Amino acid sequence: MDKSKLLQIFIEECDENLRSMETDTLCLEADLKDKDALSAVFRAIHSIKGGAMSFGMSEVASFSHSLEEMLDGMRKGSVPVTGERTSLILAAADCLKKMLAAQKGQGEVDPSVPANILVRIYEISKGKAVASPAPVSMSKTAAPHSLSFANGVHVKYHPNPLCLSRGEDPLLALGKFSKELTITSLKARSDDLPPLNQLSPDICYMWWEIDGTSGLPRELLLRNIAGMVGGGIDVQITASVEDPLQTLSDCPGSLLGSILVEDGLVDEGQLTRVLANQPIDKKLGEALIEEGMLTPLQLGAALEKQKAISRGLGGSSVKVDSQKLDRLVNLSGELTITRSLLSHGSLAEYWQSAPGMKEAMERLERHSRDLQETAMSLRMLPVGNVFNRFPRMVRDVSAMCRKKAILVIAGENTELDKAIIEHLGDPLTHILRNAIDHGVEPPDVRVAKGKPEAATIRLKAWEEAGTVVISVEDDGRGLDQEAILERARSVGLLKGDDIQMSEQQIYSFIFEPGFSTSSEVSDISGRGVGLDVVKKTVESLGGTIGISTRPGAFTRFVLRLPLTMAIIDGQLVRVGDERFVIPVTAILESKRPLPSEIKTVQGTEEVLFWRDGCIPLIRLYETLGGNAWETEPSNALVVIIEVDDRCYALMVDDVLEQQPLIIKGLGDMLNRTPGIAGASILGDGSIVLILDIPGVIAYEERREHAAR
């Protein structure tokens, strides 16, 4: 594989490790005695350090090593775990993110930032080396296989990068392999060699690949090699395998050994010594218990971790380029359209009459539907991918505002289309930042009101009626209707003689561009440029947003989003000679109204009396600029929809069938057409436009306002 691709994979893995490291550090901050969280943080930084050394990222490796030294002291108890030090770990993680981004050519790192962090780490670690790279242990992430000696042995020998500065000669160690193997091939590898101007005389960049055979029994060969790999030398052993399923549980680079070392239960020197003297018929865990280095309880916990990791290594998951995934979804959609074409018109009559073709068409329909569902499921990701970034943000924003807030997350396994997931981060960030800055009271005010000093912000997701609902709720002061109305009047959004407004209409003002009730502008909010972006983003994703609140008690934002942006369940309607699609998730009811149910208010606005109330009636043919078969509402049909907790009646000529539809874009020139979300192809080959219901409502309201 191209080294650039390997580097890209490594940086992606580092991003995952840093995210998990951040989450585990927050858990450690909440409970300074949480040893599992501390061990998880240590393992994450250990993995980053090892990979950085293998790719020649000396600065990243040195920085990671210094942090690892401090974490190792915390695990062993020589360095106390404090809140200040967990903050330092988070700052170091942020610094590593920037350093890795710089490796991709995305920005530069101010040298003073890592330097200042290293000074603090050095002081905590009490004089331990700051910039010395640590030995690399690449085989800890490898999965060596059982050797078939008849087909030969393949050894990868990676000397310790610092062996030269310690006076060790890797060539002497290399010669030891000839005592155990009949060497048939020896290759020196310089893959990790940096440019000439970056070479350091103290670093060994070379490593070797050795092919050979051995007549020794498996266990004896492993034990002899274990005795050779002292002094920090790292060896990875594989083979031309006949039995590739059995792992070498006794190898010094084994999964169990790696877990024991990373958890601080044994060090590498102890592990090497035990393996060198281990009887052939004795397992590693038993030998460590006999030596008094391990208790049965500790061994049991390590074995459980080994099983969990092995299940992950043996899984069938694979990373796929997102463009290939989108291509698969598009092709499955095209197949569905082609199948629909074959099922309509004269072609359908032909298939019906051809012997055996009816059953074949039924199988084609079933398989194409299964393929489409499978392809769509590949695009689904858990919302936890987005939610997991917010505990850190809430912590930092709360500190900036001098407030206390706890984020409680639920439903993180709820799945959404990846295209929606990718755009969900910014809206939720704005809502959470506003909740802390505007909604949550200062600790002393909360205590005076009889509330806990720390506010609780709940971020929850669940699936409901074919949509995903995400709610963000804080137990703060709630929204002030009078303050919102006063601000709306001052900026000209509300006139004194306007009709009585509902609560939802009042709260909707906070989504207007530039609208803010805050008297001060801070680094977090107050400019009125947050929630308008939230609403636009949510609506562009085909979703809606609503608000509920109780003064002094809570504020809740509720986002309703489609499961996917690639396919929808659509209701076909006819308006004049044209057909349009209304998303089924927006529809409450379809009916033919009675003449007595249609009224006109304020001279021009038509309403429909429905369920003990009245809702606006929208003549869809006028909004879309077309014609209609029926201009009298009582002779037509109305489709009652709900947008932002408000109901509307759309007047149409006919309501046709429902069917799943593939959403197609309209291209750059037509993509911003008001009220149109996209297009789709029906089974008869005709093209229909999919209505953007929030856009239709907004366009109609602007048209009505201009007509007054």
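Computed from a prediction, not measured in an experiment: that's the story for all the values here. Along the sequence shown, residues are numbered consecutively beginning with 1.
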Looking at every heavy atom in both [X] and [Y], which two are closest together, and how far apart are they?
X	Y	answer
Pro391	Leu407	N-CD2, 3.6 Å
Glu589	Arg611	OE1-NH2, 3.2 Å
Thr549	Gly478	OG1-CA, 3.4 Å
Thr414	Glu463	CG2-N, 4.2 Å
Ile547	Thr555	CG2-CG2, 4.5 Å
Val386	Gly425	CG1-CA, 3.9 Å

Within-4.5 Å side-chain heavy-atom neighbours: [X] and [Y]:
X	Y	value
Asn388	Arg19	no
Ile690	Ser680	yes
Ser471	Trp462	yes
Ser548	Phe554	yes
Pro583	Ile693	yes
Trp610	Leu588	yes
Leu637	Val573	no
Gln571	Ser590	no

Atom [atom1] in [X], atom [atom2] in [Y]: separation rounded to 0.5 Å?
X	Y	atom1	atom2	value
Ile470	Leu428	CD1	CG	5.5 Å
Glu422	Leu416	CD	CG	12.0 Å
Arg556	Asp474	CZ	CG	10.0 Å
Glu473	Phe557	CD	CZ	11.5 Å
Leu424	Asp417	CG	CG	11.5 Å
Lys418	Asn385	NZ	CG	12.5 Å

Identify, with sequence neighbours excluded, every residue that meets side chain to side chain donor-acceptor pair (under 3.5 Å) alongside [X].
X	result
Lys97	Glu22
Arg550	none
Lys591	Glu597
Lys460	none

Would the distance check show the side chain of [X] and the main-chain N or O of [Y] forming a donor-acceptor pair, the cut-off being under 3.5 Å?
X	Y	result
Arg477	Pro551	no
Asp654	Arg574	no
Lys451	Glu441	no
Lys403	Val397	no
Asp653	Trp629	yes

What residue among Val534, Leu531, Ile545, Leu561 forms side-chain contact (heavy atoms from CB on, under 4.5 Å) with Pro427? Val534
Check each of Val472, Leu432, Ile457 against Phe390 using the side-chain contact (heavy atoms from CB on, under 4.5 Å) test, and report the only one that passes. Leu432
Closer than 4.0 angstrom, basic N to acidic O: yes or no for Asp437 and Arg433? no
Applying side chain to side chain contact (heavy atoms under 4.5 Å, CB included), can you list everything that pairs with Asn627, at least two apart in sequence or on another chain? Asp577
Going through the checks in order, is the side-chain contact (heavy atoms from CB on, under 4.5 Å) test met by Ile431 and Leu559? CA-CA 11 Å; Ile431 294 173; Leu559 285 65; 3.8 Å; yes
Check step by step if side-chain contact (heavy atoms from CB on, under 4.5 Å) holds for Glu700 and Tyr648. CA-CA 11 Å; Glu700 177 63 20; Tyr648 302 84; over 6 Å; no
Would Val533 and Asp426 satisfy side-chain contact (heavy atoms from CB on, under 4.5 Å), going step by step from the backbone distance to the final call? CA-CA 9 Å; Val533 175; Asp426 285 345; 5.8 Å; no
Only pairs under 3.5 Å count here: list side-chain donor-acceptor contacts from residues 613-622, not counting sequence neighbours, and write none if there are none.
| from | atom 1 | to | atom 2 | distance (Å) |
| --- | --- | --- | --- | --- |
| Arg619 | NE | Glu606 | OE1 | 2.8 |
| Arg619 | NH1 | Tyr621 | OH | 3.2 |
| Arg619 | NH1 | Thr631 | O | 2.5 |
| Arg619 | NH2 | Glu606 | OE2 | 3.0 |
| Arg619 | NH2 | Thr631 | O | 3.4 |

Let me see the working for Val581 and Leu572 under side-chain contact (heavy atoms from CB on, under 4.5 Å), right down to the final yes or no. CA-CA 5 Å; Val581 177; Leu572 282 169; 3.6 Å; yes
